[in-house]
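So you know, we letter chains A, B, ... as the sequences are listed, proteins then strands, and number each from 1. The analysis underlying the following values was restricted to heavy atoms, covering all of them including side chains, and did not include hydrogens, waters or symmetry mates.
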2 protein chains.
Amino acid sequence: MVVTIRDVAEAAGVSVATVSRIASGSDYPVGARTRERVEAVISALDYRPNQSATDLSRRDTHLVGVLAPDMANQYYAEVTRGIEDAAQTAGYQVLFSSTDRRKGRAESALEALLRRRVAALVILGGGDEVSLTRKQVTAYGTEVVLVGRPSDEFPTIQTDGESAGQEMASHFVGLGHERIAFIAGSRGSTATRLRLAGVRKTLRGAGLANPATARGGYTEEGGYRAARELLEQAAPGERPTAIIAANDRMAIGAMAAANDLGLRVPDDVALAGFDDTPISAYVRPALTTFSLHSAQLGAEAMQQILDREEGDTAIRHRTVEGEIVVRASCGARPA
Amino acid sequence: MVVTIRDVAEAAGVSVATVSRIASGSDYPVGARTRERVEAVISALDYRPNQSATDLSRRDTHLVGVLAPDMANQYYAEVTRGIEDAAQTAGYQVLFSSTDRRKGRAESALEALLRRRVAALVILGGGDEVSLTRKQVTAYGTEVVLVGRPSDEFPTIQTDGESAGQEMASHFVGLGHERIAFIAGSRGSTATRLRLAGVRKTLRGAGLANPATARGGYTEEGGYRAARELLEQAAPGERPTAIIAANDRMAIGAMAAANDLGLRVPDDVALAGFDDTPISAYVRPALTTFSLHSAQLGAEAMQQILDREEGDTAIRHRTVEGEIVVRASCGARPA
DNA sequence: TTGTAAGCGTTATCAG
DNA sequence: CTGATAACGCTTACAA
């Protein structure tokens, strides 16, 4: 049924070793005539090595497992894209699992990934649904890279969430805002925690009150609700004049909320998000945001893995620079 | 180093066969005492079966390959999510590759997937970068499901693109529009082709001119440019009063373009998209769109695969219903 | 340059 | 109920 290396060997009148050396692209010397003949047979029979067998024999899968919280979130989609892109060009394949932010899913997905003996594991997001210890993976030689979450057990790729928060807050403070609110993502999220910490720090430094906060679960809908809460519940004259949301999706939800409340953005409420999702440049007013170079984060993660496979064993913590992208929603430019 | 079935067998003083029967969750009878002892050893040693070996021996990988054009597109992200979700609960893992709409990438990704002997292959999108014949996969028993593209060789899951187009166009015609333009996605895309055909059909039926069209490559930026082209180049009095974009991302770009041209949506130009991306409900005016139930498409695809593994061999073409979601951007409701 | 054969880690058949 | 052992399809010493 399925063509195996043995079929090719027989058809070409050579040994399986020879076929293997040719089919696997090894640089082991093979006679020109033989090679030609074998190659002809390979393509005639449409032979394709069975990767499970190859992996088993080489005891190395060229598989990188990606564990992401939620593909509906464009940020993770982008990072995954970066990983997949780099992986593909490096000859790796991506085994993708989503945790859906649920502990059970995270555990079973991780287990499955480990059984596959993924050569590397990239864990996305700062959620607390996935926990992994060095011990669990060290036996398999699995390289682990954490994206967007600190760790001293594993190498990480991150953006400096705290300074991002500070930068964003400073921007608003510089614009004269004194009542700045914050829309958090989900409980236990590293990104939210760091960004909020940065915002707080800056406000404190500027002698301003702590930001009012509401939680929006990283979705447009959550951002919408959080913004309404922030905007409507405030005592008269206490309404925030600026809202920083922990991601763009929530910021866009907040923009809709402001709109629905008859508030103009940025005049009545200034807004900003994080991630620089493609859409943020195209909402109106265009959203001021903090660019994370998300695809690049993924690419860096993959690069980190490649470096380590090369034998660089140090636990590196790379932080890729992000930058504030000023657009109209913050009021720094004419809407 | 790595714990194998043999290590467990030795430590437990049983044969590998026994360990296998226990570790693989087979229902082969095993003595209670033995089972207990072996299970203890398994967890003490943190034994995890090597999936490559299992696959090789069982000659069945529980792997489903997903080939998508572009993860930056939320629609594909959603469908993938649907697939992954269903896959995970059915005990399958998702091997994810992106074609980036490039022929070369599609081919090598496909090759890699075939080498992995994926049990199933889900091909997303109607792009022409990936071509696959029954012959290539039949030997491996790979189940193939096409999502969003017609075929008589493989089962498909689709939405009826043409009636979606018709429905959308009728909606605008019913609203009194006579100059309706269309923003296409990429060349060779099935979704674009069908939707445009539907739009044309309806316009023709209503005695209206063919829609002016421009291409936007399915991105916000492309949609923005296409809309400017459509809106600015039209002779005075010829400007389209409605634009239908082949997806939401382009529609949102178009909305920005209208805005930047000082045109009000929907009063000066009415707008609509396709996909019902989460964000479309949160732009203002909220975007009228055609909901494809994208995650459900993915779930259906996975279901189709499961059915076929069960022995249902008919080539089924399931079409999942979509529906127009009327929001403010089309002018049918107050903005 | 080519071939032989011993793994790689499981599963499953066949005997006990 | 338990255990040997022959696959599964490939790679890689080691020999020739």
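Between the side chain of B:Ser151 and the main chain of B:Phe154, a donor-acceptor pair closer than 3.5 Å is present. Without hydrogens or angle criteria, A:Arg102 side chain to A:Thr99 main chain gives no donor-acceptor distance under 3.5 Å. Looking at A:Glu143, its side chain never comes within 3.5 Å of a backbone N or O of A:Ala119 through a donor-acceptor pair.
The distance between atom CG of A:Asp55 and atom P of D:dG9, rounded to the nearest whole Å, is 15 Å. As a whole-Å value, the separation of B:Arg6 CZ from C:dG7 C1' is 10 Å. Separating the CD atom of B:Glu36 from the P atom of D:dC1 is a distance of 15 Å, rounded to the nearest angstrom. For the pair B:Leu56 CG and C:dG9 C1', the computed distance is 9 Å after rounding to whole Å. Between the CG atom of A:Asn50 and the P atom of C:dC8 there is a distance of 18 Å, given to the nearest Å. Between the P atom of C:dT10 and the CD1 atom of B:Ile22 lies a distance of 14 Å, rounded to the nearest Å. Per the geometry, CZ belonging to B:Arg59 stands 11 Å off C1' belonging to D:dA6, to the nearest Å. The CZ atom of A:Arg115 sits 10 Å away from the P atom of C:dT10 (whole-angstrom rounding).
The rotation axes computed at either terminus of the helix from C:dT1-D:dA16 to C:dG16-D:dC1 lie 40° apart, taking five pairs at each end and rounding to 10 degrees.
Annotation: A:Arg6, atom CZ; neighbour count of heavy atoms from other residues, nucleotides and ligands within 6.0 Å does not exceed 12. By the neighbour-count criterion of 12 heavy atoms within 6.0 Å, atom CZ of B:Arg134 is densely surrounded, having more than that number from other residues, nucleotides or ligands.
Nearest-nucleotide mapping onto DNA chain C: of A:Ala53 and B:Ala17, the residue sitting toward the 5' end is A:Ala53. Along DNA chain C, the nucleotide nearest to A:Val16 and the one nearest to A:Pro29 differ in position, and the one closer to the 5' end is contacted by A:Pro29.
When the nucleotides D:dC10, C:dT2, D:dT2 are ranked by their closest atom to the side chain of A:Val30, C:dT2 comes out on top. When distances run from any side-chain atom of B:Ile5 to the nucleotides C:dT2, C:dT10, D:dT2, the shortest one goes to C:dT10. Of the candidate nucleotides D:dT11, C:dT10, C:dT1, C:dT10 has the atom nearest to the side chain of B:Thr54.
Contact annotation: B:Ser15 does not reach the phosphate of D:dT2 (side-chain N/O to OP1 or OP2, under 4.0 Å). A close approach under 4.0 Å does not occur between any side-chain nitrogen or oxygen of B:Ser20 and OP1 or OP2 of C:dT10.
If you check every strand for non-hydrogen atoms under 4.0 Å, B:Ser24 touches sugar and phosphate atoms only. Residue B:Arg48 is in sugar-phosphate contact alone, with no base atom involved, counting any heavy-atom pair closer than 4.0 Å across all strands shown. Heavy atoms of B:Ser52 sit nowhere under 4.0 angstrom from any nucleic acid atom. Backbone-only engagement by A:Val14 is indicated by non-hydrogen atom pairs under 4.0 Å involving sugar-phosphate atoms exclusively.
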Would A:Asp128 and A:Arg149 satisfy salt bridge (charged side-chain N to carboxylate O under 4.0 Å, His left out), going step by step from the backbone distance to the final call? CA-CA 10 Å; A:Asp128 52 8; A:Arg149 154 201 330 236; over 6 Å; no
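Taking 3.5 Å as the limit, the base of C:dG7 and the side chain of A:Ser57 contain a donor-acceptor pair of atoms between them. No hydrogens or angles were tested; on distance alone, a donor-acceptor pair under 3.5 Å links the side chain of B:Arg21 to the base of D:dG3. Between the side chain of B:Tyr28 and the base of D:dT2, a donor-acceptor pair under 3.5 Å is found.
When each of A:Ile123, A:Thr156, A:Val122 is paired with A:Val147, the side chain to side chain contact (heavy atoms under 4.5 Å, CB included) condition holds for A:Val122 and for no other.
For residues 19-47 of chain A, the set of pairs meeting the side chain to side chain donor-acceptor pair (under 3.5 Å) definition, not counting sequence neighbours, comprises A:Asp46-A:Arg48.
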